[in-house]
Amino acid sequence: MNQQPTRDEIRRAPKVLLHDHLDGGVRPATIIDLARETGYDRLPTTDVDELRTWFREASDSGSLERYLETFDHTVGVMQTREALVRVAAECAEDLANDGVVYAEVRYAPELHTSEGLSLDEVVEAVLEGFKAGSAGRNIRVGALLTAMRHQARSMEIAELAVRYRDVGVAGFDIAGAEAGYPPTRHLDAFEYLQRENSHFTIHAGEGFGLPSIWQAIQWCGADRLGHGVRIIDDIQVASDGTAKLGRLAAYVRDMRIPLEMCPTSNLQTGAASSLADHPIGLLRRLHFRVTVNTDNRLMSDTSVSQEFANLVETFGYGWDDLQWFTVNAMKSAFIPFDERLALINGVIKPGFAQLKWQA
Ligand SMILES: O=c1[nH]cnc2c1ncn2[C@H]1C[C@H](O)[C@@H](CO)O1
Ligand SMILES: [Zn+2]
């Protein structure tokens, strides 16, 4: 019971993933297949293992802007209906094989129209892929539609999210370089979503600090924060370990605003210097609503199980901590309350209870 969870046990635990990019989780072999089929000739290599390593190393740049350049290659091969269906189906399969029982996977429809697909066709292809990949597996996958923060299509994408809300789109997000592109640039889209009683998360506090988090929550009305690691800048820790929260950090904790934390990704973009120093340790200790996520499984060569295993190794977390992260994530999902509760009581708690009992 008190033993540390092993990798195999962690993989078997029922897990929840709220922050995962579809174009950041494509299988290397699929990228190579799709490049061949679609005539994309800019891949750095056509060897599967070399390509896997290339993505991981190119993403270790220490800067969000350079990290994002690697997406040119995945987005480059995801421009046809068939490619999108395949990538989405394989995403659902890979997550199910990792023991994920509920996932919200995001992508930016506007990035997949360069070969003539309409936004609606993009959304329908991805939903079809999620459905095919989930069929017969113990997983439910919903989509979050992302608008790119340096572009000006957020209103269109927000409308798309509302239009497909009853058939598998769980919510909306903005992503891309954060510095210079504050969330309020897209205020009209967020206000529209609020009028529609719709859900949205905002990447904030990753490549920029507290002003971005403050705008996302207090001005734009975000339900959750993508990353949010820089909330740490509003917390002072004394030498005896006691913490003093500033007003924004206190608000985030008091209102139980979910933090979609992605530790490995943060190390790669320079948002944190080491896992031991990652804000997740303090934020978990202070009972913020922390969730654990992958961000980009390809760029970070990771999975939810891998992220959990790293945390167990670094912070000595046990089963109760992993269950706490998981229940936090399920409570924070964008599906109806009764469905979240059914997954918590019918799948997550019994799954963890069995593993704890066996350990
Ligand atoms: O961690 C991230 N921060 C900001 N933007 C990101 C991150 N990971 C992926 N993206 C971008 C690149 C993708 O093309 C886009 C949609 O998934 O979202
Ligand atoms: Zn992200």
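Counting begins at 1 with the first residue of the sequence. Worth saying up front: this structure is predicted, and the values here are computed from it rather than measured. Whatever order the structure lists them in is the order used to number ligands and atoms, beginning at 1.
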Novice: Report yes if H21 has an N/O atom closer than 3.5 Å to an N/O atom of ligand 1; otherwise report no.
Specialist: yes
Novice: Just to check, does H227 reach to within less than 4.0 Å of ligand 1 when the distance is taken from its heavy atoms?
Specialist: yes
Novice: Using ring centroids (six-membered ring only for Trp), state whether F325 and Y317 fall under 6.0 Å.
Specialist: yes
Novice: Among the N, O or S atoms that D295 has, which is closest to the Zn ion (ligand 2)?
Specialist: OD1
Novice: Check each of T146, D173, D23 against R106 using the side-chain hydrogen bond (donor to acceptor under 3.5 Å, both in side chains) test, and report the only one that passes.
Specialist: D173
Novice: Look at atom 13 (C) of ligand 1 and say which protein heavy atom is nearest, naming residue and atom and giving the distance to 0.1 Å.
Specialist: D23 OD2, 3.0 Å
Novice: Out of all atoms in ligand 1, which are within 4.0 Å of some heavy atom of N296? Include the element for each.
Specialist: 8 (N), 9 (C)
Novice: Apply side-chain hydrogen bond (donor to acceptor under 3.5 Å, both in side chains) to the pair Q268 and S59, showing each step before the final yes or no.
Specialist: CA-CA 6 Å; Q268 293 180 289; S59 308; 4.5 Å; no
Novice: Can you tell me which portion of L22 lies within the under-4.0 Å heavy-atom range of ligand 1? Options are side chain, backbone, both, or neither.
Specialist: neither
Novice: Is there a side-chain contact (heavy atoms from CB on, under 4.5 Å) between L341 and M330? Walk through the geometry before answering.
Specialist: CA-CA 8 Å; L341 208 58; M330 200 62 246; over 6 Å; no
Novice: What protein heavy atom sits nearest atom 3 (N) of ligand 1, and how far off is it?
Specialist: E206 OE1, 2.8 Å
Novice: For a quick check under 3.5 Å, do T38 and Q79 share a side-chain donor-acceptor pair by atom type?
Specialist: no
Novice: For T74, which part has a heavy atom under 4.0 Å from ligand 1: side chain, backbone, both, or neither?
Specialist: neither
Novice: N/O/S atom of C262 under 2.8 Å from the Zn ion (ligand 2), yes or no?
Specialist: no
Novice: Run the numbers for me: atoms of ligand 1, each under 4.0 Å from some heavy atom of L64, listed by number.
Specialist: 3 (N)
Novice: Which word best sums up how the rings of H21 and H203 line up, parallel for under 30°, tilted for 30 to 60°, or perpendicular for over 60°?
Specialist: tilted
Novice: Could you check whether D277 and S274, counting side-chain N and O atoms only, form a donor-acceptor pair closer than 3.5 Å?
Specialist: yes
Novice: Is any NZ, NE, NH1 or NH2 atom of the basic residue among D98 and R297 found under 4.0 Å from an Asp or Glu carboxylate oxygen of the other?
Specialist: no
Novice: On the ring face of F334, is R224 found with NZ or CZ under 6.0 Å from the centre and within 45° of the axis?
Specialist: yes
Novice: Flag the pair E339 and R140 as a salt bridge only when some basic side-chain nitrogen lies within less than 4.0 angstrom of an acidic carboxylate oxygen.
Specialist: yes
Novice: Can you tell me which residue and heavy atom of the protein come closest to atom 5 (N) of ligand 1, and the distance to 0.1 Å?
Specialist: G176 N, 2.9 Å
Novice: Please give the atom name: the N, O or S atom of H203 nearest to the Zn ion (ligand 2).
Specialist: NE2
Novice: As an exercise, identify every atom of ligand 1 less than 4.0 angstrom from a heavy atom of Y107.
Specialist: 17 (O)
Novice: For atom 6 (C) of ligand 1, what is the closest protein heavy atom, and at what distance to 0.1 Å?
Specialist: L68 CD2, 3.4 Å
Novice: Nearest 10°: the angle subtended at the Zn ion (ligand 2) by H21 NE2 and H19 NE2?
Specialist: 100°
Novice: Which of the numbered atoms in ligand 1 are under 4.0 angstrom from any heavy atom belonging to L111?
Specialist: 14 (O)
